[in-house]
Amino acid sequence: MLEIKNLNYSYQKTKVLNNVSFKIEDQEIVGILGPSGSGKTTLLKIMSHLETIKEGSYMIDDLWISKDGIKGDDKSIKLAMSELGVVFQQFNLFPHMSVLENVCLPLKLRTELNQTDIIKQATELLNELGLGERLNSYPHQISGGQQQRTAIARAMVLKPKILIIDEPTSSLDAATSQTVIQLLKQLHQNGLTLIVITHDLVFAKAICQRVIEIEAGIIKADCLADQYFI
Amino acid sequence: MTYWLEILPQLLSGLKLSITIFLITQVVALPLGLALAVLSRGNNPIIKKAISTFTWIMRGTPLLLQLYITMYGIPLLFPMHMDRFFAGAITFIVNYAAYYTEIFRNGLAIIPSGQNQAGQVLGFKKIEIFWYIILPQMFRNTLVPLINEAITLVKDTALLAAIALADMLRNAKEIVGQDLRIDALVMAGLLYLALSYIIVKIGKRLERKFLLEI
């Protein structure tokens, strides 16, 4: 479970998030919707621990994080954050590594697995995501959709419970977007909680169970997708 | 041809000095430049200012002047015996470290912040992010300017003659003065070209390995 309480955030003097609170239960698919500049990316950065909380608090895996620090030691923070996978809008694949190496690196640095098992696990996951033919390709040699699937594989290889995916359709054509929808639904069926940050209403309607709409840093709506997309 | 073979050992002895200074400079100045580049991207304004002042002075004044200051100026300020080889090596190291600092700093600056963020969200330690993600990309970004600097360094070793070190050019000049034949200068030119050729070849191989694969 992930929960945000009374979160306020400002860049210099501009308030980006204003008293934001919500709770995401296990195995939900939640869309965080809003136009550019609404605060979605800041929210992503806070949820993925890339920005420090200034006001309010954030809970992941029963570990509360607030501006006063984190109630837990480094090990428990690492454990809690490993419950979370993030796929960035620009994917942020490592350009000097092949598709396989991109997915192997988290296993190499975050697990005790030996090299053979690392390659085996990464290859299996990439095969599942339809990238078996592109294992040795470099990110610039594959399509946008394949890059995104590589980024999803890299985020999923440590088996997080929650996956945050930022603007998943921004650089994809309609056909590839459909493939991404199917893939995310499949991951959700396997028990994953999905947080989709997007301004693409069609995509959100196709996949989300619940919608949190954010505008100018304020939550405008938090309801079931069926109610939101009437 | 016999004359060329006769003068070759003297030129090769000078070449040995040039190569020694080249290797010492590369081995020390590259990591020093990298360390300064990393420090210059930190948050300490005093360190940042100190490094930018250092690179400004070292890149803004002639290497020849720096050699004179190390060899002749410092012993005047602090009476001491200054070894010529030491003076040459230390000046080259400091001068090239300044250039490498700027090259590495630019190489680091153009790596998108998303690369660091990707490492962070995967739970990597800072040192792991630097070693596995940032450093290889920085190396790729700086490969071409580093090869250019290596070629310049080969040619700059000719300046060692200014502090009376028997480098290849100085030896060639002496041979020309003794024999009144230009051959030694031509041979020195060919040997410099051969050295540059080797560096270019190594550079091309590195480019093929690290640039064309991505």
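Bear in mind the structure is a predicted one, so any value in this text is a computation, not a measurement. As a basis for the values below, the full set of heavy atoms in this structure was taken, side chains included, without hydrogen atoms, waters or symmetry mates. Residue numbering restarts at 1 for every chain, and letters A, B, ... go by the order of the sequence lines.
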Single hit among A/I29, A/V196, A/L192, A/L84 for side chain to side chain contact (heavy atoms under 4.5 Å, CB included) with A/L163: A/L192

So, applying side chain to side chain contact (heavy atoms under 4.5 Å, CB included) with B/L34, which one of B/T101, B/L135, B/T142 is it? B/L135

Contact class of [X] relative to chain B, heavy atoms under 4.5 angstrom:
| X | answer |
| --- | --- |
| A/F88 | side chain |
| A/L105 | both |
| A/L158 | side chain |

Using modelled atom types and a 3.5 Å cut-off, is there a donor and acceptor pairing between side-chain atoms of B/D167 and backbone atoms of B/S18? no

Relative to chain B, which of A/L50, A/V86, A/V87 shows the most heavy atom pairs under 4.5 Å? A/L50

Chain A: which of B/Q120, B/Q115, B/Q137 shares the most heavy-atom pairs with it under 4.5 Å? B/Q115

Return the minimal non-hydrogen interatomic distance between A/R149 and A/L183, and the atom names on each side. CG-CD2, 3.6 Å

Geometric cation-pi criterion B/R41 and B/F104, 6.0 Å radius, 45° cone: no

